[in-house]
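See structure below.
Labels below follow one simple rule: chain letters A, B, ... track the order of the sequence lines, proteins then strands, and each chain is numbered from 1. Since the structure is predicted, the reported quantities are computational estimates derived from the model, not experimental observations.
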Amino acid sequence: MQAHRRGDRVKLEYSGRERIPASTDMVWAFINDPANIASCMPDVIESKVIDAHTFDAVVQVAVGPVRGKFKFHVVLAPQPRGKRMEMKISGGGFGSVVDLDAGADISNEGDGTAMDWKGSATMRGPVATIGGRVIDAQAKRVITTTFENVKARLTNVPPPVPAG
Amino acid sequence: MFPAPFEYHRAGSVDETLELLKQFGGDARILAGGQSLIPAMRFRLARPAVLVDINGLNELSYLREEDGVLAIGALARDAALETSALIGSKYPLLSDTSALVADPVVRQSGTVVGSLCHNDPAGDWGVTALAGRAQIVVRGANGTRTIAIDDFLIDSFTTAVTENELALEVRFPTPPARTAGSYQKIERKVGDFATASAAARITLDENGAISAAGIAIGAAGPCATRVADAELLLHGSTPTKELIRAAGDAARKIADPAADNRGSVEYKKDMAGVLVERAIVAALGRLGVGGLR
Amino acid sequence: MKISVTVNGTKYERDVEPRTLLVYFLRESLGLTGAHVGCDTSSCGVCVVVLDGDRAVKACTMFAVQADGHAITTVEGLAQGGKLHPLQQAFWDCHGLQCGFCTPGMLMTSYALLAHDPHPDEAGIREALSGNLCRCTGYQNIITAVQQAAGALALEAAAPEPVAT
Amino acid sequence: MSTTIEPEAEKRSMGQRMKRKEDPRFIQGRGRYLDDIVLPKMLHLAIVHSPYPHARIVKIDKTAALASPGVVAVLTGEDLAAHGLAWIPTFHGYDKQMVLAVGKALYQYQEVAGVIATSREAALDGVELVDVEYEPLDPVVSPFDARKDEILIRDDREAKTNHIYHWEVGKRAETDAAMAASEVTIKQRVYFQRCHPAPLEPCGSIADMNGATGRLTLYLTSQAPHAHRTVVSLVTGIPEDKIHVISPDIGGGFGNKVPVYAGYVVSAAASVVLGVPVKWVETRTENLTTTGFARDYHMDVEIGARKDGKVTALKVTTVADHGAFDAAADPTKYPAGLFGIVTGSYDFPVAFTELDAYFTNKTPGGIAYRCSFRVTEASFAIERGMEMLARKLDVDPAELRLKNFVSKEQFPYPSPLGFVYDSGDYHQTLRKALDTIGYDDLRKEQTEKRARGELMGIGISTFTEAVGAGPSKHFDIMGIKMFDSAEIRVHPTGSAILRAGTKSQGQGHETTWAQIAAEELGLDPQNIMVEEGDTDTAPYGLGTYASRSTPVAGAAIAMASRKIREKAKKIAAHLLEASEDDLEWVDYKFRVKGLPDNAVTMQEIAFAAYTNPAPNTEPGLEATYYYDPPNLTFPNGAYLAVVDVDPETGAVKVRRFVAIDDCGTVINPMVVEGQIHGGLTEGFAIAFMQEIRYDESGNNLNTNFTEYLVPTSLETPHWETGNTITPSPHHPIGAKGVGESPNVGSPAAFVNAVMDALAPLGVTHIDMPLTREKIWRACKPTAGATA
């Protein structure tokens, strides 16, 4: 799985594709449950489902010199017609704000499902320039690992151990 | 800007350092030169609960050449390499690099091993370590292990050193005869991280063909990147303009930089190629091979 | 925690928080306000002091606790016996300063430079001072000043010990 | 000049390379800058900033911050509103600006709350804990988008538009007609990027409200302490006698320290509320993101000419980005500053310029960064335009300039946009620059290099500035006329104290002001102490910026000295037992005409003024003078840059740079050279690296020194300087001002040189900063197709 990056320092974009050996309906049902998504985010210390579409999560960040807790507020916006799931993840930590937007399109592929996803991270605040490369690494990790874990959970194999 | 509070411990020995790391685990960071860590702490981007200061371990400040290896201790500072006659005469690749890291005052504190452990994607030493086929010696509670640089650099800001280990030294193989290197960097001004960087280490055989090549680029991916295709191309070939251009193109192809204030992906990819070409030309120039530009 | 630091030849014992940066320790605990603060990223060099006689350090990128047991020289320690250090004299003579804010850092970086290399050429000085920013002078007169000071120090070094014949 | 008699060289003060009197304290680390001042019981203020460029503020929760150790208070915009301090007027009073955001945050990093604590660290700990809930709104980042009025930035204003004002000067119809009739025309959009002065000392304040006396002492990093005292009085209602502004040593200003900033107001409010001193010192990030930026002008430059190269018309149309408030630092009657200087050094028969300014969700500002109110933008526009015209006409750019210069016989020269230039000899100045650099040889070298495919360029800039604001008929700030002042008291033993309404930030006033007074009075400049920056002691003045100190306060010093000399003459007559009419001032002495040995020095006169005063005259020897200049002064110069371009990487090497300046009479050549070196370095920085850029979401991309690039000694070229002198006929000592000339004139020289190097590739214009990537792009074989 390859994550691609482009965009400006403060706006970083990632994309990738997961092939999941499960039916489209199963995948769709899985990612519509905030508890499932919360459980797929990496390094979650605690999470709290607020309603059918939102949850809060506290993530342990550990990239290079950065060690700390990052609070995320996640809102799921399913678009059932096109089987597209949009996620808005707003986070805070280090005196700055990071917004992650992710979208996944679910489609039939052979006897499984393809999940094409795209994510972008926008950093605001002093962190953007001093810690751009660090936050980039962390945002990439959160987004890619979350989708990898969705696949892993539906493939019924243990999720990969995140690097680091 | 002021760091968040932390607990400070000064290590009196390597063993004590390991003891402290064992005690505090992931909450602790090693403080060596501090030139990346302290600014990150001032912005509260880094907020370690514990700092283990190893600046008192003078026994780690060595530059030592023995058994075919140059060993650079964990406390050897960039400026020590910059001013060392040994490095200047025998290790031009390292000498070049030491003069281009950050700025001359920062280099009086910053350490080579610390920079490798920080593993900033735009850092300098990872690039040179790849081209020079360096190894890192790491000690933990269970003893010492030696890691090839390719296995050491894992991802942005992530290395093979675990929470309870201390990187003791980096080892560069002593260059065999007819070997030279060069480090090239584009920076917007002194003190900047690289827009693009490249290192080359070339060994010629008696007939003037390339018998060994180490080529790497920086600021062109999650961490410093070896340009294996260029190394393959160069190996066994006689240097020509076309060959060097092809090595540069291999770098252009593999470079996967992120766009930022320093430049677009397109520019950085091309600069990766240009700098690989220039590093090879400069290394060959040091071996008396000219007329390649 | 308690630290003991020798600054400009005087030993000070003080209690500091680990997170206190060396520059604030000097400025606020010891009242030595020559070293300034101009940025948060170790870029500008207005905070430079000399550690253990010959190492220029950015005092905003070092904790005061790290100076425990070490000797620090600041701009206030340059003049000896009521006489300006040749670097200070040269900065004055050559108009090597305007607003004066970068001057202590420039002087201390130059001091460490001359400790290692008593006869730097223009290129060497430009290189050595490239971790110190100045917004006023365009550096040109600073470089001239360091050259003048190097010459004066060489004369001073030669003077006290006449060659025996 | 004031005197036709040539004084003895060794007694002369003017024109001497006198070492600076202020230096001993700076080289010994004994300067006293704002952050060096510590007052008993002093608290520290740190500020909470908006991470969003445009957002509604839903809620501010102080609870956690107030519980943090050391935190004493948290102030928000609503708290300030209770004291009538939520909004303050902008520089010229046409708009108002929020101190702390109320309702909406209008730009990224806008001040939202202030945390006051017992230490700097504790204040920052508190800042982290202030919980602000934002509702982000779409930002407007470009003035061209602002113009559409689809998103209203300032709903607090009566006019529901982002348009701030339209300004124009000159003859529109005649210019359009002349342009249409021109045989050759050029037209180009030139963007002068947003940049920031970034003095090494950030801004700061210490407010100390004394509850017992009711007096507020404000230590400010202020280039204009008196103006700030008046503004504080008007805003707070505190009587002006109860406000004491002290501007200590300043670590560079460059226009950055002219406006009033939120931190000043919040620290003052906090001191009033808490009854103890409160200090605020900016971080570098705060300096670059919240205090006055400069430039941000999008200029369409149009020049018409005859085929023989004689210019026929000039038209410049500008769109200005002012950020979220109209806080541009310009005199009240000049919303676009002195942009009318855009006809430059050339004799245009007709010209017209207009400008429209817009609000955007960016930091407010528009300050005069080492510049006399938009003169830098104007000079860049005309000098780039003349270069493009030379290219179009295929004539040498030096020849084109020589052909079109205002000639020295034309002074005083009325420009088509309303200025009357005082003096100059543009032909001589450019010829001197060409000779110094060896222009003809360089052109030969360039021809040879071009034949080999190498890229070498020579750039010229021959600018004229308008500085020294200004005559009271035209120039005021919020109604206060832009005079300046000096007070001189000669002590009995012949030393003196001189106070002025200006404020040095490195310009060397303690030296040059003493030199002026010493020359006029025949005293030793070493024994004239100069004091500025204390509103309790200095006479009222408008401060130091826009190259106004020497033209205005320098004149006031000369005039105050002459007032003293008049009185001294009475005392001399008494001492020499002669009639005043029989005395002459020769060689720094009053002597009886025809009896050269019968003379008294100023020192002797000073002693007599206190011990043996003349009958029917007041004892003492002192004078105050408020100088209202009759006109602006017009420094000018010819700058030449030589560059080599590496097409492979886009790197530019500035090989040589020659600057010939005419700033009229020179007070201290050493100080003038220093000013020119510094200004050229800033011009170099602007041409090649300095920029405050925003992304499309309104994020500031250049928030500290790792991204806002200040050149070091290694990038900075070696400068070659020289001068010509045409004294200003209306200034008492003929001086014109110089601090800004090099920053005004040099950016065009650098850009013209690089464009000249790229001419063989067909490149005519690239906007600053000329980064390697932009030049690399222009050099790519496919550039023509993709540009």
Side-chain angles (χ1 to χ4, degrees), chain C residues 17 19-20 24 27-28 31-46 74-79 84-85 87-89 91-105 107 122-123 125-143, chain D residues 17 19-20 22-33 35-36 38 120-121 197-202 249-254 281 283-285 287 504-508 670-671 673-682 684-685 704-706 710-719 742:
Chain C
E17 241 196 302
R19 65 166 158 171
T20 303
Y24 287 103
R27 291 176 53 80
E28 294 179 350
L32 297 168
T33 55
H36 301 131
V37 179
C39 74
D40 316 307
T41 48
S42 207
S43 306
C44 77
V46 303
T74 72
V75 68
E76 290 92 342
L78 282 184
L84 293 178
H85 186 277
L87 273 165
Q88 293 173 311
Q89 186 66 46
F91 269 61
W92 190 13
D93 292 348
C94 302
H95 190 31
L97 62 145
Q98 291 180 28
C99 81
F101 201 70
C102 77
T103 310
L107 285 166
E122 184 192 328
I125 298 168
R126 280 192 183 267
E127 161 67 31
L129 294 180
S130 63
N132 294 67
L133 298 180
C134 172
R135 289 294 267 171
C136 299
T137 66
Y139 305 103
Q140 200 152 312
N141 290 343
I142 292 177
I143 289 151
Chain D
R17 303 182 72 91
K19 277 165 47 178
R20 296 203 323 168
E22 45 269 83
D23 287 1
R25 68 177 183 275
F26 295 132
I27 54 180
Q28 295 180 85
R30 298 292 293 275
R32 188 169 180 253
Y33 302 93
D35 201 14
D36 300 341
V38 177
R120 298 166 202 265
E121 289 87 348
L200 284 185
E201 180 204 28
D249 284 331
I250 293 192
F254 315 114
V281 175
T283 64
R284 179 54 57 190
T285 303
N287 179 250
S504 185
Q505 312 125 40
Q507 291 89 341
M670 179 191 83
V671 169
E673 276 166 28
Q675 288 287 308
I676 292 169
H677 288 172
L680 292 175
T681 304
E682 291 199 61
F684 168 78
N704 57 56
F705 278 156
T706 61
V710 172
T712 74
S713 50
L714 218 54
E715 295 87 28
T716 303
H718 178 85
W719 309 115

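Closest approach of D:Lys19 to C:Asp93, counting heavy atoms only: NZ-OD1, 2.6 Å. Of all heavy-atom pairs spanning D:Asp36 and C:Arg27, the tightest one is OD1-NH2, 2.7 Å.
Interface residue C:Leu84: only side-chain heavy atoms are found under 4.5 Å from chain D. Only the backbone of C:Thr137 comes within contact range of chain D, with heavy atoms under 4.5 Å apart. Heavy-atom distances place the side chain of D:Thr681, and not its backbone, under 4.5 Å from chain C. Contact of D:Phe705 with chain C is made through backbone and side chain together, with heavy-atom distances under 4.5 Å. Heavy-atom distances place no part of D:Pro742 under 4.5 Å from chain C, backbone and side chain included. For D:Gln28, the parts lying under 4.5 angstrom from a heavy atom of chain C are both the backbone and the side chain. There is no contact between D:Phe684 and chain C, counting heavy-atom distances below 4.5 Å. Of the atoms belonging to D:Val710, heavy atoms from both backbone and side chain fall under 4.5 Å from chain C. For D:Leu680, no part lies under 4.5 angstrom from a heavy atom of chain C. Of the two parts of C:Leu78, neither the backbone nor the side chain holds a non-hydrogen atom closer than 4.5 Å to a non-hydrogen atom of chain D. D:Arg120 touches chain C through its side chain: at least one heavy atom from C-beta onward sits under 4.5 Å away, while N, CA, C and O do not. Looking at C:Tyr139, the atoms closer than 4.5 Å to chain D (heavy atoms on both sides) all sit in the side chain, from C-beta outward.
The main-chain N or O of D:Glu715 is never found under 3.5 Å from a side-chain atom of C:Arg126 such that the two would form a donor-acceptor pair. Side-chain N or O atoms of C:Asn132 include one that pairs as donor or acceptor with a backbone N or O of C:Gly105 at under 3.5 Å.
Partners of D:Glu22 according to the salt bridge (charged side-chain N to carboxylate O under 4.0 Å, His left out) rule, which considers only residues two or more places apart in sequence or in another chain, do not exist here. Partners of D:Arg17 according to the salt bridge (charged side-chain N to carboxylate O under 4.0 Å, His left out) rule, which considers only residues two or more places apart in sequence or in another chain, are D:Glu673.
Relative orientation of the C:Phe101 and C:His36 rings is parallel, given thresholds of 30° and 60° on the angle between their planes.
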Stepwise side chain to side chain contact (heavy atoms under 4.5 Å, CB included) test for C:Asn141 and D:His677: CA-CA 9 Å; C:Asn141 290 343; D:His677 288 172; 3.7 Å; yes
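Each of C:Gly131, C:Gly34, C:Ser130 has some count of heavy-atom pairs under 4.5 Å with chain D, and the biggest count is that of C:Ser130.
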